[in-house]
Amino acid sequence: MLDASNLPRIIQGGMGIAVSDWRLANAVCRTGQLGVISGTALDTVFVRRLQDGDPDGHLRRALSHLPIPGAQTLLDTWFRDGGRAPGEPYRLLPMYRQVCTPARQLVTVAANFAEVWLAREGHEQPVGINLLTKVQLPTLPSLYGAMLAGVDVVIMGAGIPREIPGALDALARHQPAALRLDIEGVPAPEPMQLTFDPACVHGDALPPLHRPLFLPIVSATSLATTLLRKSNGRVD
């Protein structure tokens with residue numbers, strides 16, 4: 001079983017929007033190292049790939065394994081058989097907000113599920129996902145989708161992700177999770193929060209999920225000390 005003592009020697013970097021995609025992560029895993037997908041803007045990448053006709057059927061294959069309802073609705077909404085016409089613009093997703101509809105959350109959950117599922121396909125090596133702490137709005141549904149696909153490691157930098165361990169614990173039990181929402185220049189009597197309840201994208205009881213390792217990216221010993229002392233759960 002993977003733990004902090006037996007991680008692969010090489011952890012592939014999580015690079016940008018679909019640079020570290022499932023193909024790269026899968027290839028790295030097949031060498032015995034830790035392949036990592038980039039979770040940044042995966043929902044937008046997902047709907048664009050579907051509008052391009054999902055060449056080779058990879059997303060449709062992954063969605064056939066989505067363990068919650070909604071895969072067919074997503075295909076009916078976003079898939080274009082044969083792809084877009086030349087010069088036809090992409091249909092855009094609604095912008096993320098502090099509170100989103102279940103349908104909007106489902107896109108993010110499914111996108112992260114599909115990317116991790118494809119990265120894990122055909123081998124037994126662990127797979128990781130990289131998210132940016134400062135890109136807050138999609139974080140919780142992104143984590144849940146990745147966990148539905150069995151992601152082994154969550155890697156986060158670009159901030160101080162103190163609340164992620166507790167969120168992973170809650171999401172592994174399909175329970176609501178929350179993160180503090182940082183908004184500069186907006187005074188508030190109480191901290192604002194982002195919340196995500198897995199029940200909004202499925203109504204059925206599901207078995208507990210694997211709780212992935214949490215590996216924050218640290219640039220100073222003071223940051224590592226802060227995470228160890230003030231995080232709301234296990235930091236690996």
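Only a predicted model underlies this, so the values are computations on that prediction, with no experimental measurement involved.
When the options Q51, R80, R48, R84 are evaluated for a side-chain hydrogen bond (donor to acceptor under 3.5 Å, both in side chains) with Y90, the one that passes is R84.
When atom types are taken as modelled, the side chain of R104 and the backbone of P94 share a donor-acceptor pair closer than 3.5 angstrom. Between the side chain of T139 and the main chain of V135, a donor-acceptor pair closer than 3.5 Å is present. For the pair D56 (side chain) and H58 (backbone), a donor-acceptor distance under 3.5 Å is absent. Using a distance-only test at 3.5 Å, with no hydrogens or angles considered, no donor-acceptor pair links the side chain of D236 to the main chain of L215.
Atoms CD1 and OG1, from I160 and T133 in turn, are 9.0 Å apart once rounded to the nearest 0.5 Å. With rounding to the nearest 0.5 angstrom, the CG atom of L194 is 6.0 Å from the CD atom of Q136. To the nearest 0.5 Å, the span separating OG1 on T40 from CG on L131 amounts to 6.5 Å. A distance of 7.5 Å separates CG of N112 from CG of D43, quoted to the nearest 0.5 Å. Here the CZ atom belonging to R97 is positioned 10.5 Å from the CG atom belonging to L137, to the nearest 0.5 angstrom. Rounding to the nearest 0.5 Å gives a distance of 7.0 Å between CG of L106 and CG of L66.
Side-chain contact between L168 and P212 is present, with heavy atoms from C-beta onward closer than 4.5 Å. Using a 4.5 Å heavy-atom cutoff, the side chains of L227 and P161 are in contact. Contact of the L24 side chain with the Q12 side chain is registered, since non-hydrogen atoms from C-beta on lie closer than 4.5 Å. Counting heavy atoms from C-beta outward, D21 and E115 have side chains that approach closer than 4.5 Å.
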Could you list the donor-acceptor pairs under 3.5 angstrom formed between side-chain atoms of residues 143-153 and any protein atom two or more places apart in sequence or on another chain?
from, atom 1, to, atom 2, distance (Å)
Y144, OH, H174, ND1, 2.8
Y144, OH, H202, NE2, 2.8
D152, OD2, V127, N, 2.9

What pairs of donor and acceptor atoms, side-chain ones from residues 25-37 against any protein atom, are under 3.5 angstrom apart with sequence neighbours left out?
from, atom 1, to, atom 2, distance (Å)
N26, OD1, R30, NE, 2.5
N26, ND2, L118, O, 3.0
N26, ND2, A119, O, 3.1
N26, ND2, E121, O, 2.9
R30, NH2, E121, O, 3.3
T31, OG1, V28, O, 2.6
Q33, OE1, R9, N, 3.3
Q33, OE1, I10, N, 2.9

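Heavy-atom minimum distance, P198 versus F196: CD-O, 3.7 Å. The shortest heavy-atom contact between K134 and A158 is CG-O, 2.8 Å. Taking all atoms of both residues into account, the shortest heavy-atom contact from T195 to A178 is CG2-CB, 4.0 Å. Taking all atoms of both residues into account, the shortest heavy-atom contact from A114 to L59 is CB-CD2, 3.9 Å. In plain terms, the two heavy atoms of G14 and S38 that are nearest each other are C-CB, 4.4 Å. Looking at every heavy atom in both residues, L74 comes nearest to V107 through CD2-CG2, 3.7 Å.
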(request) Take Y96 and T108 through the side chain to side chain contact (heavy atoms under 4.5 Å, CB included) test and state the conclusion after the steps. (result) CA-CA 10 Å; Y96 246 97; T108 302; 2.8 Å; yes
(request) Output, in order, the C-alpha distance, side-chain angles, deciding distance and verdict of side chain to side chain contact (heavy atoms under 4.5 Å, CB included) for F79 and L63. (result) CA-CA 12 Å; F79 176 64; L63 286 175; over 6 Å; no
(message) Is there a salt bridge (charged side-chain N to carboxylate O under 4.0 Å, His left out) between D169 and R234? Walk through the geometry before answering.
(response) CA-CA 9 Å; D169 293 338; R234 190 187 81 231; 5.6 Å; no
(request) Starting from the C-alpha separation in whole Å, work towards a yes-or-no answer on side chain to side chain contact (heavy atoms under 4.5 Å, CB included) for T77 and L50. (result) CA-CA 9 Å; T77 302; L50 288 176; over 6 Å; no
(message) Go through it in stages, so that I can follow the logic: the residues are D54 and L75, the test is side chain to side chain contact (heavy atoms under 4.5 Å, CB included), and I'd like the CA-CA distance, side-chain angles, deciding distance and then a yes or no.
(response) CA-CA 10 Å; D54 184 28; L75 291 174; over 6 Å; no
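The stretch residues 212-231 participates, sequence neighbours left out, in no side chain to side chain donor-acceptor pair (under 3.5 Å) pair at all.
Within a 6.0 Å radius of CG in D3, more than 12 heavy atoms belonging to other residues, nucleotides or ligands are found.
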